[in-house]
Each structure stands twice: as structure tokens, then as C-alpha cells.
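To keep things clear, I will list the structure first and then write my remarks on it.
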Amino acid sequence: MWGGRFESGPADAARAFTRSFPWDRRLYREDIVASRAHAAMLGARGIIDASDAEALTGGLDRLLQELDEAGGPVDAGDEDIHSYVERVLIERLGDPGRRLHTARSRNDQVATDMRLYVKGLTLRIGRALADLMAALVERAEPDTVAPGFTHLQSGQPVTQGHYLLAIHEMLSRDLDGCYQVFALADVCPLGSGALAGVPYDIDREQAAHALHFSQISRNSMDAVADRDYLLGLLNLGVGILLHLSRWAEDLVIWASPGYAMVEFDDAYATGSSIMPQKKNPDIAELVRGRAGTALGIASGMAATVKGVPLTYGLDLQEDKQALFRMEDLVLPTLEIMREAFATIRFDRERMAQMATAGYATATEIADYLVEQGAPFREAHEIAGRVVSAAIAAGVELVALTDHELQAIDGRLCPELRERLTAGSSVARRDVPGGTAPRRVSLAIDDARRRIELERGRLRELAASGLPVALAPRD
């Protein structure tokens, strides 16, 4: 593609070092679809003969069908997927194939392919997020009490449903991030050439419309240099895996013998090669590890981009490896977490025990005293003394006698004891966003509605924002 300036070809080692086909072959559909739009535009503008444009579009359609049936292109030593497509067309069509690259550089070609791929990937990630969110909501129980922690110490009782909806909210923000990255990528750079535009009477809007981009780039230099949309996708992946990692950490702890609140199904756990009693939550542990891997990918790509002067350097070729590695981390992790969670078993009795362990309802004492007119700081101090008395006696708060309570403060009446159960504690948090069963039930219904709305939005974006050949498939 660039040999006219050179008297000899690249050294084998140099060629192996610089070629990107082994990983950018994944872009074959985007490259063919974008090339088809470009060829059609060239023909419509009279830049190439209509017969050549027809031969190119027909040849590209046939190639796409063949590669889809074959599961993608086979490595035949091409430098990259772009040269592969052009080589095949030249071999099959002759001169029409040689005209495809008119008014186009690999710089704007690559940028177009990558933007199309990122748009499609955000929608696939969005669908996987919606599926996992739905799985969380389906297993959310508004009446089952569970422990709530801060600093991994007993905090206050919550409901199991409230906890799962907290994970749902985290993933909901990630889904919002999918739309933001989609919008970042939804700019067509085709027609920017290498960096300065092209000296042909092209119709950039026609090509952008054919590729379902909402707008064309405003500056040719920025168009080929920009990787903000890619960094956005990488950071989106990091955010998703950080959220999943925090959830996974909870599951690892909850599955340990000291907590024993959940048990992974045998199909999603492993044993030990030496300790026969072990049942390891390896899925959750790998999620934690892959969050770290994702962070390394994103920070590595950011470090690469920071050093590339405008407009382009081959450093940016590394963007494809970063993109595909992130894809291969995020999508399987979302899927395996959904599958593993669908089969996980909750020990409701143990969760109820843990919900009041560590004097987790002590705040109820302070709240009770506030209702009697005490300033909160005074009430907090009295509640702390009640906890100290229970610790000294080796009993739970509800086991303190009326005499012991009154000796600490005369306002601590027997009716307080009814409020020290986990069920009573969660029921009293009956505020919007609170853990009371009534509020959690309403939140579950709302979450179901929101998920269906998001699924509809994702379907609409797939239909309007991508060519049919590139839209995620059901």
C-alpha cells in the first residue's frame, strides 16, 4: 500500500512487529460496511465511474457474506484488516478494487471503523448490563433482613432487596455511561483524509448518513487524532468492573465460614487440590482480579495517547488491542456474574442472625431518646453506654433488663425493646430510598419499569444509530 517510495520491503521482524491484522481482523464487518458507504458516495459524486462503484459495492457485499459465514477472515499475512479487504477486492475486481481508496486515508478509515465498533460495543454492553440488572431485581426480596456494614463492621440492618437494588443502581449508572460513550463515538470522520481533508468533491453527509452517524467531524486534524471516545469506552469498562468487583468482594466475604450467608452453586465454585472440604468462590475472586487488569489497560492507553503529537502516530495502533481486551473482560464478566448470581443460595436465617450481630440496632436507642426530646448527641452518648453495658453483661441489647436500662437513663422504657429487632429497625426507615420493605417493594417495581425502558432505548439506538449489518443481534 505504500511501497512506491521504498526500494525494498520491510524486514521480516519489522513487518511482524508493526502489522496489526491478528487483532484488528475483528473489525472486518465495520471496515467492509464503511468501505461500501465510501464507494457508493464516490460513485454518486462522479469521482469514480458508476460501474466501478457498483462493482465495489457488490464485491464488498459478497465479501461480508462470505466472512460472516466463515467466522471472519483468515490471516494470510496482510498488514491489517484494511489492506486485507482492499487486496481481496483488487484480486477479484481488478481496477475497480484499486479505486476504493480514492479520497480516503487509512487514518480516517481506521477512525471510522473504530467509531462504528465502539458504538456497537456500547450497545452490547448495555444489553448485558440490563440483563444483569434484571437478574438482581428478580431476586430482590423486600422482607428479608440482612446485615448492613460500614468499615466491614456491623452498621444497621437492611433488607436483602435493598442491598441488591444498591448494586442495581451502580449498574444503572454504568448503563448511562454506555449512552455517553455512544454519543462520543457518534461522529463520522470519513473524508478527513490523512489529516488535512481531501481534494475531491466528496459528500461527507451522504457517507455519514449511510453509516448512521448523527454528525460529521468539524476538523480533519482532530478527526484522525481523537481517541476520546475510545478512552471513554475503556473508562466505562473500568467503572463496570470496579462495581462488579465491590459486589464480588461482598460475595466472597458472605460465602466465608465466618459469615455463611450465601453459598455458590457447585457449577460456579471450585475445590482445592489438597483440602477436600473447600468450596472456593473463584468466579467472584476472578472478577476482582479482572477489575485490576481493566484498570491497567485503561491507564496504559491514556499514557500512550498523552505522548502522541497531532495528528497521528503508530502508537495509536495500540488502541485496538486495548479496545478488544476490554471487550473480552467486560462482556464475559457481566454474563458470568449473571449466571452465577442466578444460582446462588441465600441463607435467610443466617442473614437474620447477622443483621443484629454487633449491636447493629443501637441507633434505635438514640432515635428513641430523640423522640423523647433528648438532643441527638446526648442520645448518642446514652446509646453508647447501653451498648457498653450489654458488652459487659455478654448479652444482646434486647436481653438487658428493665432495671439495667433505667439505671442508665430513666427514659429507656420497656417499649424500647420492641424496636431493637432487625425487622422493626428496617420497617422504621420508611423514607424514599430507604430500606423499609414497603419502600423496597416500590423500588423493585420502579426498577422493573426502568429496565424495560432502557431495553427499548437500546433497541431504538441499535436500529437508528448503526447500519443493519453492524447492529447487535438478538
Side-chain angles (χ1 to χ4, degrees), residues 117-140 161-186 229-251 268 283-284 286-295 297-298 322-344 443-466 470-474:
Y117 196 93
V118 166
K119 287 173 67 177
L121 179 54
T122 59
L123 298 185
R124 286 185 282 131
I125 291 173
R127 289 185 174 195
L129 283 166
D131 289 344
L132 180 53
M133 290 160 63
L136 285 160
V137 171
E138 288 308 308
R139 299 211 61 188
H162 196 55
Y163 171 83
L164 293 182
L165 289 179
I167 309 300
H168 171 276
E169 287 301 310
M170 295 157 70
L171 299 180
S172 179
R173 292 193 294 275
D174 294 326
L175 185 50
D176 288 340
C178 288
Y179 302 130
Q180 294 166 10
V181 175
F182 186 97
L184 271 180
D186 194 23
Y229 64 93
L230 174 70
L231 294 175
L233 187 283
L234 299 180
N235 287 323
L236 170 66
V238 169
I240 291 170
L241 288 169
L242 289 180
H243 286 153
L244 294 181
S245 180
R246 295 187 72 180
W247 180 26
E249 172 68 1
D250 279 345
L251 292 176
Y268 296 95
I283 296 294
L286 280 172
V287 171
R288 292 185 313 195
R290 290 179 183 180
T293 300
L295 186 59
I297 293 169
L323 172 63
F324 301 142
R325 289 177 66 200
M326 187 64 75
E327 175 183 13
D328 292 343
L329 285 172
V330 172
L331 285 175
T333 303
L334 287 167
E335 181 177 351
I336 196 66
M337 282 295 280
R338 177 179 57 80
E339 293 178 0
F341 176 69
T343 59
I344 206 166
I444 289 171
D445 292 339
D446 180 62
R448 288 197 177 105
R449 287 191 296 269
R450 287 163 53 198
I451 289 168
E452 288 310 306
L453 287 173
E454 297 295 356
R455 283 175 164 160
R457 185 179 179 186
L458 290 166
R459 287 192 295 269
E460 182 180 339
L461 268 182
S464 63
L466 283 169
L470 301 181
R473 301 170 183 177
D474 294 323

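Because the structure is predicted, anything quoted here is derived from the model rather than measured.
The side-chain heavy atoms of T122 and Y179, taken from C-beta on, include no pair separated by under 4.5 Å. Side-chain atoms of L121 and L323, non-hydrogen and from C-beta on, do get closer than 4.5 Å to each other. Side-chain contact between P472 and L466: present, with at least one pair of heavy atoms (C-beta onward) separated by less than 4.5 Å. Within the 4.5 Å cutoff, side-chain heavy atoms of L236 are placed close to those of C178. Considering only heavy atoms from C-beta on, I125 stays 4.5 Å or farther from V181 through its side chain. Counting heavy atoms from C-beta outward, I451 and V137 have side chains that approach closer than 4.5 Å. A heavy-atom distance below 4.5 Å is found between the side chains of R448 and E138.
The two residues L165 and A443 make their nearest non-hydrogen contact at CD1-CB, 3.5 Å. When every heavy atom of R139 is checked against every heavy atom of F341, the shortest pair comes out as NH1-O, 2.8 Å. In this structure, A185 and V118 approach most closely via the heavy-atom pair CB-CG1, 3.9 Å. Contact detail for L136 and H168: the closest heavy-atom pair is CD1-N, 3.9 Å. When every heavy atom of K119 is checked against every heavy atom of G465, the shortest pair comes out as NZ-O, 2.7 Å. When every heavy atom of A294 is checked against every heavy atom of M326, the shortest pair comes out as O-CE, 3.5 Å.
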| query | Does the side chain to side chain contact (heavy atoms under 4.5 Å, CB included) test come out yes or no for L329 and I297, once each step is laid out? | reply | CA-CA 10 Å; L329 285 172; I297 293 169; 3.6 Å; yes
| task | Carefully, step by step, assess L244 and L132 under the rule side chain to side chain contact (heavy atoms under 4.5 Å, CB included). | result | CA-CA 11 Å; L244 294 181; L132 180 53; 3.8 Å; yes
| message | Applying side chain to side chain contact (heavy atoms under 4.5 Å, CB included) to H243 and I167, what does each step give before you reach the verdict? | response | CA-CA 8 Å; H243 286 153; I167 309 300; over 6 Å; no
| said: Run L241 and T293 through side chain to side chain contact (heavy atoms under 4.5 Å, CB included) and show every step you take. | reply: CA-CA 10 Å; L241 288 169; T293 300; over 6 Å; no
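The distance from the CG atom of L184 to the CG atom of L233 is 10.0 Å, given to the nearest 0.5 Å. Between atom CG of residue L242 and atom CG of residue L295 there is a gap of 6.5 Å, rounded to the nearest 0.5 Å. For the atom pair E339 CD and I344 CD1, the distance stands at 13.5 Å (nearest 0.5 Å). Summarising the geometry, atom CG belonging to L286 is positioned 11.0 Å from atom CE belonging to M337; distances are rounded to the nearest 0.5 Å. The CG atom of D174 sits 9.0 Å away from the CE atom of M133 when rounded to the nearest 0.5 Å. With values rounded to the nearest 0.5 angstrom, E454 atom CD is found 6.0 Å from S172 atom OG.
In this structure, D131 pairs ionically with R455, as a charged nitrogen and a carboxylate oxygen lie closer than 4.0 Å. In this structure, E169 pairs ionically with R450, as a charged nitrogen and a carboxylate oxygen lie closer than 4.0 Å. Salt bridge annotation for E249-R246: absent, with no cationic side-chain nitrogen under 4.0 angstrom from a carboxylate oxygen.
Neither side chain, Y229 nor Q180, offers a donor N or O lying under 3.5 Å from an acceptor on the other.
Among residues two or more places apart in sequence or in another chain, the ring pair (Phe, Tyr, Trp, His ring centres under 6.0 Å) test is passed with F324 by Y117. Considering only residues two or more places apart in sequence or on other chains, D176 meets the salt bridge (Lys or Arg N to Asp or Glu O under 4.0 Å) condition with none of them.
Although no hydrogens or angles enter the test, the distance criterion places no donor-acceptor pair under 3.5 Å between the side chain of D186 and the main chain of F182.
Around the CZ atom of R325, the shell of radius 6.0 Å holds no more than 12 heavy atoms that belong to other residues, nucleotides or ligands.
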